[in-house]
Amino acid sequence: MAESVTAAEQRTSLHGHWSSRFAFVLAVTGSAVGLGNIWKFPYVAGQNGGGAFVLVYLGCVALIGLPIMMSEILLGRRGRRNPVETMRILGDEEANQPAWALVGFTGMIAGFIILSFYSTIAGWTMAYTVKAATGTFVGQDAAMLGAEFGAFIANPIATGFWHTLFMAVTIVLVGLGVEEGIERAVRFMVPALVVLLLILLAYAVTTGQFAAGAAFLFEPDFSKITGTVVLAAMGQAFFTLSVGMGAVMAYGAYLPQDASIPGTALAVAAADTSIALLSGLVIFPIVFANGLDPAEGPGLIFQTLPLAFGQMPAGSFFGVLFFICLGFAALTSAISLMEPAVAWMVESFGLTRPTAALRVGGIIWALGLLTVLSFNYLADFKFGRGTIFDNLDFLSVNVLLPVGGLFLTVFAGWVMCQNSTADELDPSVGPMYRIWRLLTRYVAPVAVVLVLLNAFGVFG
Ligand code: PFF
């Protein structure tokens, strides 16, 4: 073992390091906070009956997502390479099993699929920035805003244009390698997003349906828990924390050796969860006050928030700010979705960063057209879980992320020797190491396997 510890200590990242621990916290927060909190959480909670889903989701964040996030950071920091290479190096070093690289590879594929639809939705938020600026929401009721949204997504030229623009910006930023840019964007945008959500919360209280909205989110109706609901909650936990595909691992590779991993993961998960719950507390009162359907689907925030902006004082102003912040939050997540593949191409194939970003981004852009078309020309083309978008979403979020996370916990908990993980997590600082190990070896892998088996009907 002594030999491999030395090897691990000697490895350094080829892309430089974050300037400080705080810079890393900001980068991981930027990855975690995004459309998953504000767009996906409310609509998936709405589709899955509210409170019971939320409870399972919170359990999954604490017992599965958090230990996996810690594992990803420690793996990344120890391997100091892109996730494919890191898993190959560590698999080889710990157990003579370089085939663990496959876990990094499938994670990268999950990242391609997720970003392909993520970019389409991020494009919607850009379009809605313009709509807010031009006063489109003023004086409109729920039916008119529903029609507005329906007409917008029915137009593949418009949605395709915004998708293209969003991917272009992401490619440029990833190509330039923008650590400082990410730091600065997150430092400003995440607090701004929270302030805007609080302003929206004040509006939500005035709708008269705040109690109903809060009850929908926080009063669990246990009869609503099914295998599908639990699977959706677990997938959402993975998605919102950015774990299971190597995004956090890629960022961990640039983390200075002396930073505390448990502290970082806890801070990010707490911030991320609070923002999702805040978003739910804004959306559902508006849903109930306007007779909308909580199970409306991916259009939910685009049909509720414009009502708020159309009615509140200075609504156009706040609306523009809100959608800009949401776009930036999406951008810092999109950058992290591309980072594993781009780092892999740079480190393993000697491409320059801009070339790698262009190739990876080009493929993702093309794949994204399928999601653009899923809301219009291909809307009736349904199989498996629904439209092409529904299937890409289900496959990546509810299958690939949990399966990737499962392999990562098995690797960190069972394959790596205890000396190596203790070395990274510093057991001297408290009980965190033992809790992490218990969750990583037993709780998280068993839970993921049970949820997957149950959802796919193995228990009947
Ligand atoms: N966590 C991001 C969000 O909630 O919007 C989405 C995401 C980013 C998922 C990066 C996965 C990932 F690797």
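- Between the side chains of W124 and T159, no donor-acceptor pair is found at a separation under 3.5 Å.
- The six-membered or imidazole ring of F284 lies away from that of F218, with a centre-to-centre distance of 6.0 Å or more.
- Using a 4.5 Å cut-off on side-chain heavy atoms (C-beta onward), S119 and T170 make no contact.
- Rounding to the nearest 0.5 angstrom, the gap separating the CG atom in L326 from the CG atom in L321 is 12.5 Å.
- Ring to ring, F302 and F152 are not that close: their centroids are 6.0 angstrom or more apart.
- The backbone N or O of G36 sits less than 3.5 Å from a side-chain atom of Q236, completing a donor-acceptor pair.
- Distance CD1/I121 to CD1/I38: 14.5 Å, rounded to 0.5 Å.
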Intermediate values then yes/no, side-chain contact (heavy atoms from CB on, under 4.5 Å), N398 and R385: CA-CA 11 Å; N398 293 339; R385 299 278 153 174; over 6 Å; no

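- Judged purely by distance below 3.5 Å, without hydrogens or angles, the side chains of T264 and R21 pair a donor atom with an acceptor atom.
- The shortest side-chain heavy-atom distance between W100 and L90 does not fall under the 4.5 Å cut-off.
- Partner of F411 under the side-chain contact (heavy atoms from CB on, under 4.5 Å) criterion, chosen from V103, L406, L75: L75.
- No donor-acceptor pair under 3.5 Å is formed between the side chain of W162 and the backbone N or O of A122.
- In this structure, L378 and T387 have side chains that are not in contact, with every pair of non-hydrogen atoms separated by 4.5 Å or more.
- Judged purely by atom type and a 3.5 angstrom limit, T129 uses its side chain to pair as donor or acceptor with the backbone of T125.
- Residues T371 and T120 have side chains that never bring a donor and an acceptor to within less than 3.5 angstrom of each other.
- No donor-acceptor contact under 3.5 angstrom links the side chains of N37 and S279, judged on distance only.
- Side chain of S333 to main chain of G30: a donor-acceptor pair is present (N/O by atom type, distance under 3.5 Å, no hydrogens or angles).
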Under the criterion side-chain contact (heavy atoms from CB on, under 4.5 Å), I'd like the reasoning laid out for I114 against L401: C-alpha separation, chi angles, the key distance, then a yes or no. CA-CA 10 Å; I114 293 176; L401 293 185; 4.0 Å; yes

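- Using cut-offs of 30° and 60° for the angle between ring planes, the W414 and Y442 rings count as perpendicular.
- Under the 4.5 Å side-chain criterion, counting only non-hydrogen atoms from C-beta, I199 is in contact with M312.
- Within 6.0 Å of the OH atom in Y377, the count of heavy atoms belonging to other residues, nucleotides or ligands does not exceed 12.
- The main-chain N or O of A151 is never found under 3.5 Å from a side-chain atom of N155 such that the two would form a donor-acceptor pair.
- Taking OG1 of T440 as the reference point, atom CD1 of I68 lies at 8.0 Å (rounded to 0.5 Å).
- Note on ring orientation: taking the six-membered ring where Trp is involved, the planes of F117 and F239 are parallel (angle under 30°, cut-offs 30° and 60°).
- Put simply, the side chain of N454 never gets that close to the backbone of V451: no donor and acceptor are under 3.5 Å apart.
- Within the 4.5 Å cutoff, the side chain of S116 has heavy atoms near those of the I364 side chain.
- Looking at heavy atoms from C-beta onward, V54 lies in side-chain contact with F41 at the 4.5 angstrom threshold.
- Checking side-chain atoms of R77 against main-chain N and O of E424 turns up a donor-acceptor pair under 3.5 Å.
- Under 3.5 Å, the side chains of Y251 and E339 contain no donor-acceptor pair of N or O atoms.
- Put simply, CG on D390 and CZ on F383 are 9.0 Å apart, with the number rounded to the nearest 0.5 Å.
- No more than 12 heavy atoms of other residues, nucleotides or ligands sit less than 6.0 Å from atom CZ of F105.
- Using a 4.5 Å heavy-atom threshold, the side chains of I225 and L55 count as separate.
- No side-chain heavy atom of F407 sits less than 4.5 Å from a side-chain heavy atom of M87.
- The ring of W39 has its center closer than 6.0 angstrom to the ring center of Y43.
- A 6.0 Å sphere centred on CZ of F288 holds more than 12 heavy atoms belonging to other residues, nucleotides or ligands.
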Run the numbers on K40 and Y118 for side-chain contact (heavy atoms from CB on, under 4.5 Å), then give the verdict. CA-CA 10 Å; K40 206 172 208 317; Y118 205 81; over 6 Å; no

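- Panel note: side chain N290, backbone I286; a donor-acceptor pair is recorded below 3.5 Å.
- A 6.0 Å sphere centred on CZ of F328 holds no more than 12 heavy atoms belonging to other residues, nucleotides or ligands.
- Residues meeting the ring pair (Phe, Tyr, Trp, His ring centres under 6.0 Å) test with F318, sequence neighbours left out: none.
- For the atom pair OH of Y203 and CZ of F309, the computed distance is 10.5 Å after rounding to the nearest 0.5 Å.
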As a quick check of understanding, evaluate side-chain contact (heavy atoms from CB on, under 4.5 Å) for L452 and L231, giving each step before the final call. CA-CA 7 Å; L452 287 174; L231 182 69; 3.8 Å; yes

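- The structure places OG of S396 at 12.0 Å from CD1 of I109, a figure rounded to the nearest 0.5 Å.
- In this structure, the side chain of E72 engages the main chain of G244 through a donor-acceptor pair within 3.5 Å.
- Listed for the S242 side chain is no donor-acceptor partner under 3.5 Å among the backbone atoms of A247.
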